[in-house]
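Read the structure below first, then the notes.
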Amino acid sequence: MTRIETIGDCTLYLGDCRDILPTLGPVGHIITDPPFSERTHKAHDARADTDRRFDGADVKQLGYGALTPADASALCRLFCDACDGWIVWLTDANLAMRVQGEMEARGRTVFLPLPFYQAGRSVRLAGDGPCSWTDWIVVSRTTAQAKWGTLRGGYIAGEGWNDRGRMGGKPTRLMDLVVGDYSRAGDTVCDPFMGAGTTGVSAAKAARKFIGVEIEPAVFDIACRRIEEAWKQPRLFEEPKPKAEQLDLMEGMS
């Protein structure tokens, strides 16, 4: 049986998103960081345990499988069927065009992939050629988000972004910005590849509801702890109530 944990407005599922998402109905906005391509995984694992990141942290084996192009296509169909809001998918250059094409085929409005640039993230140990310092974010919407407004054209890591609290590949500061850009206070954000819960932490801090799915029990436990800690913190980014609601509150106090 699927394990379910509820923390404030966050509902966390231990299991496979391919089984769980179809049972949930519309999940609001999907903001997620699935595994990257086989090429990226092989390059990463080839230097794991012998290299260090520019902040001094060890590079470890990923410990989970890569996505094939067919996997990415199947996930696109799953996400589009489950989501009536924005889909924000972090990936690499090898899969970005595949994801973009599949979302367009499902009738969504898809934008050019956005860069996330983090200087010094990886260093080649052998051979010649440039290092990979850029991930790509494929973003799509339905017609319901047509009046959303202008959004930033990419993300550049700054000082303090390579925080150790992120647990995996997504800097906490990056996900704070992405959640803030592609959802609004009170919306539901879903991460079908929750990992250690960084997107959920950002959602909790920003007064968003959150649905997370993670298949690995040990990683799921970490996500539960991190999101519970975030939920205990003051809601610093709640949007102000509409003026009509503010007037009602003032009248009720008089």
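- Aromatic rings from H29 and W148 are positioned such that their centres are separated by under 6.0 Å.
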Checking C80 against I87 for the side-chain contact (heavy atoms from CB on, under 4.5 Å) test, could you report, in this order, the C-alpha distance in whole Å, the side-chain angles of both residues, the deciding distance, and whether it holds? CA-CA 8 Å; C80 290; I87 297 177; 4.0 Å; yes
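- Other residues, nucleotides and ligands place no more than 12 heavy atoms under 6.0 Å from the CD1 atom of I156.
- Side-chain contact between I215 and F193 is absent, with no heavy atoms from C-beta onward closer than 4.5 Å.
- Inter-residue side-chain proximity for V139 and L114 is flagged as met; some heavy-atom pair is nearer than 4.5 Å.
- With respect to R226 and D221, no salt bridge is recorded, no charged nitrogen being found less than 4.0 Å from a carboxylate O.
- Checked by atom type and distance alone, the side chain of E216 never pairs as donor or acceptor with a backbone atom of A218 at under 3.5 Å.
- Judged by distance alone, the side chains of R108 and T142 never bring a donor and an acceptor atom under 3.5 Å apart.
- You'll find the side chain of F220 reaches within 4.5 Å of the side chain of R3, heavy atoms only.
- Of the candidates D191, D33, T32, D135, K170 forms a side-chain hydrogen bond (donor to acceptor under 3.5 Å, both in side chains) with just one, namely D191.
- Counting heavy atoms from C-beta outward, L177 and Y182 have side chains that stay 4.5 Å or more apart.
- To the nearest 0.5 Å, atoms CG (D92) and OG (S132) are separated by 7.5 Å.
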Could you check R18 against D71 for salt bridge (Lys or Arg N to Asp or Glu O under 4.0 Å), going step by step and ending with a plain yes or no? CA-CA 11 Å; R18 294 170 294 183; D71 293 334; 5.8 Å; no
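- R208 contributes a side-chain N or O that, together with a main-chain N or O of A206, makes up a donor-acceptor pair within less than 3.5 Å.
- Contact check on R141 versus D84 returns no salt bridge, with no Lys/Arg side-chain nitrogen under 4.0 Å from an Asp/Glu carboxylate oxygen.
- The shortest distance between side-chain heavy atoms of C190 and L21 falls below 4.5 Å.
- Around the CD1 atom of I4, the shell of radius 6.0 Å holds more than 12 heavy atoms that belong to other residues, nucleotides or ligands.
- The side-chain heavy atoms of C10 and E5, taken from C-beta on, include no pair separated by under 4.5 Å.
- In summary, the side chains of Y13 and D19 do not present any donor paired with an acceptor at a separation below 3.5 Å, with no hydrogens or angles considered.
- Look at K205 and D176 and you find a salt bridge, because one of the NZ, NE, NH1 or NH2 atoms lies within 4.0 Å of a carboxylate O, short of that distance.
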